[in-house]
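Structure, as structure tokens:
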There are 2 protein chains.
Amino acid sequence: MAHDSSKGARAAIPSPTVARLPVYHRALLSLAQNNADTVSSIDLALAVGVNAATLRRDLSRLGSIGTRGTGYDVSHLLARVESALALDRTWMIAIVGLGNLGKALARSEGFNSEDFRVGALIDVNPTIVGTRIGGIVVEDLDSLERVVKSERVSLGVITTTGAAAQDVATRLCHAGVGAILNFAPAHVSGPQGVVIRHVDLGSELKVLAHYGARALQQHPSSS
Amino acid sequence: MAHDSSKGARAAIPSPTVARLPVYHRALLSLAQNNADTVSSIDLALAVGVNAATLRRDLSRLGSIGTRGTGYDVSHLLARVESALALDRTWMIAIVGLGNLGKALARSEGFNSEDFRVGALIDVNPTIVGTRIGGIVVEDLDSLERVVKSERVSLGVITTTGAAAQDVATRLCHAGVGAILNFAPAHVSGPQGVVIRHVDLGSELKVLAHYGARALQQHPSSS
DNA sequence: CAGTGTGAAAATTTTCACAGCG
DNA sequence: CGCTGTGAAAATTTTCACACTG
């Protein structure tokens, strides 16, 4: 993980903290819906499966404002977390590669919410280009830059094969996206400045196998 | 992350290392296909985007056997990595929740390979129960334990709503799975011994927004 | 007095740098 | 000589524990 420039900006938030913020966000939304006014670090930590001290340290990075003796004001904290996650705008997303996963994401709630919206779908397969998925027309690869610009896309999602991934990433960066989520089974890199995150479901399964083997070694299934 | 029992077993592999093993695995497969006999830590590290010292340290945990002056024997190393990931058997998977994502995973290559195979599909929706996805009949929730046992499933994948996730996790653990991959937007826990990993695509998007905002702040898109 | 914010300690992970082997 | 394996240092992250505040 080498993306903490910490050059001009004010103190970057450590990446483990950034990774936990969405989890806090979710829990806070749920609390807000239950009309909770305040939460203590202990209760919130318990709900999300994190140590309370870690939670407090994380929140203090947001210039947090809890109340000693009481806890955190739910709606105030929610606002702070949303601000840290930059959820004060709607992010336009381009999905490149419309296989099983790409299609599923394009239709998913998370990608069609208040915070995120699919603005472009790209594929190389002529059979798919021109069709609509979730109301958006699939464009071909050469239209990538044009569509990214016209739809003001700033986040790219790669769900292509591993072989195509680097080329797509390069095009997305060139077109001006600010960050990329890569689901393709390949390491891709981009110019310094664009953050690229990797989520490889195949790898996740293999990690699971490693731990599963250890677990089953101790509790051999009763069959 | 609190799952390093390190009680009876021989030295557990640190979780950051476990998370990188699948990435090395992928790169090694590709090298093997290109008929490469050996790789140096530097070349392999470059290919996967990791520091060479980190890579060497990771491999040394596998009781690694590189050759000084030459590098690592590709096929030997591949075998070691596969052994550490427990890929010497076919893992049966149960997918619970067949919405967009669940269906996509059920049909994906990664879940229908030599290492992993879908053995059970479960959903609560009566419209879906009884249909086939990728040749497997979808069963209802009450059949979970029975099917997990009869199909010798040892890994569970949760792709339900957040609200249903904990109940499903509990049932999976009770049925005897060794590890769970949770895609539902909720924190779930299980008995000590079962490793539960969380992959939340919604959270990933929010993390991306955070970094995207920082990137765009410095390179405001030219439109 | 309940509960935050944070020094300081502990634990973990990464990285350097080099001895030593093939 | 080139490259691994690893002591030791550095960097990062987590956790404890408590002073302090509303």
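Naming: A, B, ... by sequence-line order, numbering from 1 per chain.
For the pair A:H76 NE2 and C:dT4 P, the computed distance is 15 Å after rounding to whole Å. We find that CG of B:D73 is positioned 12 Å from P of D:dG5, with the value rounded to whole Å. If you measure from atom CD1 of B:I42 to atom C1' of C:dA17, you get 13 Å, rounded to the nearest angstrom. Distance, B:I13 CD1 to C:dT14 P: 14 Å, rounded to whole Å. The nearest whole Å value for the distance from the CG atom in A:N51 to the P atom in D:dT13 is 16 Å. In this structure, the CG atom of B:D58 is 16 Å from the P atom of C:dT12, given to the nearest Å. Separating the CG atom of A:L59 from the P atom of D:dT13 is a distance of 17 Å, rounded to the nearest angstrom. The interatomic distance linking A:R56 (CZ) with C:dG7 (C1') rounds to 13 Å, in whole Å.
When atom types are taken as modelled, the side chain of B:N182 and the backbone of B:A186 share a donor-acceptor pair closer than 3.5 angstrom. One N or O on the side chain of B:R117 and one on the backbone of B:S113 form a donor-acceptor pair closer than 3.5 Å. When atom types are taken as modelled, the side chain of B:S40 and the backbone of B:G71 share no donor-acceptor pair closer than 3.5 angstrom. With hydrogens and angles ignored, the 3.5 Å screen pairs a side-chain donor or acceptor of A:N112 with a backbone N or O of A:A106.
For the OP1/OP2 pair of D:dG5 and a distance below 4.0 Å, the side-chain nitrogens and oxygens of B:Y72 include at least one atom meeting the criterion. One finds no side-chain N or O of B:T67 lying less than 4.0 angstrom from the OP1 or OP2 phosphate oxygen of D:dT4. Contact check, B:S41 against D:dT4: a side-chain N or O comes under 4.0 Å of OP1 or OP2.
Nearest-nucleotide mapping onto DNA chain D: of A:T70 and A:A53, the residue sitting toward the 5' end is A:A53.
A heavy-atom distance below 4.5 Å is not found between the side chains of B:Y72 and B:L28.
When heavy atoms are screened at a 4.0 angstrom cut-off, B:L44 is found touching no nucleic acid atom at all. A:L55 comes within 4.0 angstrom of no nucleic acid atom, judged by non-hydrogen atoms across all strands.
Contact annotation: side chain of B:R57 to base of C:dT13, donor-acceptor pair absent below 3.5 Å. Side-chain N/O atoms of A:R68 and base N/O atoms of D:dT21 include no donor-acceptor pair closer than 3.5 Å.
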